[in-house]
Amino acid sequence: MRLAKLISQRGLASRRKAEEMIAAGLVMVNGEVAVITTPVDPEHDAVTVRGKPLPGEPAKKYYLLNKPRGYITTRSDPQGRQSVLELIGGLPVRVEPVGRLDYDTEGALLLTNDGIMAHRLTHPSRGVAKVYVAKVDGHPTPEDLAAIEFGLPLDDGKTAPAKARFLGSVGDYARVQITVTEGRNRLIRRMMAYLGHHVVELRRESFAGVELAGLSLGETRELGEIEVARLREQAGTAV
């Protein structure tokens, strides 16, 4: 394992900061000053940072954030936009978002320090369900919904079959629930644009079966044991 990745996993710093500490000579492996390329075996190598032993592996934690619009899901942004990680400063462990949620989309975003589960839940082969509710201009027809369920020919390939349900309309706008198993960039917005409907608002109601369940915008809650067990089953990491 790369040394910077191990330091990051143990919650001491981001991978970039860990690389800076290694370059500054603050990290030692088996009594020798480490370099960026020093390989490390967490099971057998003794690692110290600033003279102190590397902390043990933290317990796996799983959270759900109701992401507001206007936040990115990465740690930094060249444009200086706010990160969702600014909303979760009080958590006891360092976590990362599971996948991404667009800057102008709100709703269910999983956060965890379980990198293996996160990777598997976002891998295309798992087909994890993501449920969205879109407010669109115009009124999608039954033919539009059928086209979504069949698959749409977007510029990066045909979409996988999805589920679509009309939820009602008010004035010039309508609400549609769409369940997809892909993670393409701005997928829902591009699907609706193909059908001639601009998405005015978009909210992800659930990810991998974990639902917002009344969680207010910007709030975070820790997942329950049953929810975690279901995630592990979908990720193929169940014990």
Joint hydrophobic cluster, Leu91 plus Tyr62, side-chain heavy atoms closer than 4.5 Å = no
Find out if a path of hydrophobic residues (ILVMFWY) with successive side-chain heavy-atom gaps under 4.5 Å connects Leu195 to Met191.
-> yes
So how far is it from Ile7 CD1 to Ser14 OG, rounded to the nearest 0.5 Å?
-> 10.5 Å
Is it true that a side-chain atom of Ser83 and a backbone atom of Thr74 form a donor plus acceptor pair closer than 3.5 Å?
-> yes
Heavy-atom closest pair, residues Ser169 and His139 | CB-CD2, 3.4 Å
Judged by atom type as modelled, is there a donor-acceptor pair below 3.5 Å linking the side chain of Arg190 to the main-chain atoms of Asn185?
-> yes
To the nearest 0.5 angstrom, please state how far the CD atom of Glu205 sits from the CD atom of Glu106.
-> 9.0 Å
Using a 4.5 Å cut-off on heavy atoms from C-beta on, say whether the side chain of Leu54 contacts that of Val27.
-> no
Any side-chain heavy atom of Pro58 within less than 4.5 Å of one from Arg10?
-> yes
For Ala18 and Ala13, work out which heavy atoms get closest and say how close.
-> N-CB, 4.1 Å
Contact summary for Val180 and Ala162, nearest pair of heavy atoms = CG1-CB, 4.0 Å
Any side-chain heavy-atom pair of Tyr63 and Ile88 under 4.5 Å | no
Is the count of non-hydrogen atoms from other residues, nucleotides or ligands lying under 6.0 Å from Glu182 atom CD greater than 12?
-> yes
Would you find a donor on one side and an acceptor on the other, under 3.5 Å apart, between the side chain of Thr141 and the backbone of Asp144?
-> yes
Can you check whether Ala59's main-chain N or O pairs, donor with acceptor, with Asn113's side chain at less than 3.5 Å?
-> yes
For the pair Gln234 (side chain) and Ala208 (backbone), establish whether a donor and an acceptor sit closer than 3.5 Å, ignoring hydrogens and angles.
-> yes
List the steps and the verdict of side chain to side chain contact (heavy atoms under 4.5 Å, CB included) for Leu111 and Glu96.
-> CA-CA 5 Å; Leu111 303 142; Glu96 299 291 343; over 6 Å; no
Does a donor on one side chain and an acceptor on the other come within less than 3.5 Å for Thr159 and Arg184?
-> no
Would you check if Lys60 and Val228 make a side-chain contact, meaning some heavy-atom pair closer than 4.5 Å?
-> no
Under 3.5 Å, is there a donor-acceptor pair between the side chain of Arg204 and the main chain of Leu101?
-> no
Quick one: are Arg230 and Ile226 in side-chain contact, heavy atoms under 4.5 Å?
-> yes
Measure from the side-chain N and O atoms of Asp41 to the backbone N and O of Glu43, and report whether any donor-acceptor pair falls under 3.5 Å.
-> yes
Applying side chain to side chain contact (heavy atoms under 4.5 Å, CB included), run through Glu222 and Lys61 and close with a yes or a no.
-> CA-CA 8 Å; Glu222 187 169 2; Lys61 293 288 186 178; 3.4 Å; yes
For Arg221 against Leu212, the heavy-atom pair lying closest together = NE-O, 4.4 Å
Test: Lys17 and Glu20 ion pair at under 4.0 Å | yes
Are the side chains of Leu223 and Leu110 in touch, meaning some heavy atoms are under 4.5 Å apart?
-> yes
Determine, using the 4.5 Å side-chain heavy-atom cutoff (strictly less than), whether Val98 and Leu187 are members of one ILVMFWY cluster.
-> no
Do the side chains of Ile22 and Met1 join up, straight or via other hydrophobic residues, at under 4.5 Å, putting them in one cluster?
-> yes
Should Leu109 and Val131 be counted in the same cluster of Ile, Leu, Val, Met, Phe, Trp and Tyr side chains packed under 4.5 Å apart?
-> no
So with a 6.0 Å cut-off around CZ of Phe166, is the heavy-atom count from everything else above 12?
-> yes
Is there a donor-acceptor pair under 3.5 Å between the side chain of Asp45 and the backbone N or O of Val29?
-> no
Should Arg186 and Tyr103 be marked as a side chain to side chain contact (heavy atoms under 4.5 Å, CB included) after you check the CA-CA gap, both sets of side-chain angles, and the distance that decides it?
-> CA-CA 10 Å; Arg186 301 181 71 81; Tyr103 177 78; over 6 Å; no
Does any non-hydrogen side-chain atom of Met117 lie less than 4.5 Å from one of Arg232?
-> yes
Can you check whether Arg203's main-chain N or O pairs, donor with acceptor, with Lys67's side chain at less than 3.5 Å?
-> no
Smallest heavy-atom separation, Pro97 atom then Leu85 atom, equals CD-CD2, 4.3 Å
Nearest heavy-atom approach of Leu64 to Glu211 is CD2-O, 3.3 Å
Rounded to the nearest 0.5 Å, how far does CG of Leu121 lie from CZ of Arg126?
-> 8.0 Å
Asn66 side chain vs Leu215 backbone, donor-acceptor pair below 3.5 Å | yes
Verify the neighbour count for atom CD of Glu32: are there more than 12 heavy atoms of other residues, nucleotides or ligands below 6.0 Å?
-> no
Evaluation steps, side chain to side chain contact (heavy atoms under 4.5 Å, CB included), between Leu202 and Asp104 = CA-CA 8 Å; Leu202 185 61; Asp104 46 3; over 6 Å; no
Does the side chain of Pro140 come within less than 4.5 Å of Ile148's, by heavy atoms?
-> no
Got more than 12 heavy atoms from elsewhere within 6.0 Å of CD1, Ile116?
-> no
Distance (rounded to the nearest 0.5 Å) between Glu225 CD and Glu227 CD | 11.0 Å
Can you tell me how far CG of Leu231 sits from CZ of Arg120, rounded to the nearest 0.5 angstrom?
-> 13.5 Å
First locate atom OH of Tyr132, then atom CE of Met192, and finally report the distance between them rounded to the nearest 0.5 Å.
-> 14.5 Å
Count the heavy atoms belonging to other residues, nucleotides or ligands that lie under 6.0 Å from CZ of Arg94, then report whether that count exceeds 12.
-> yes
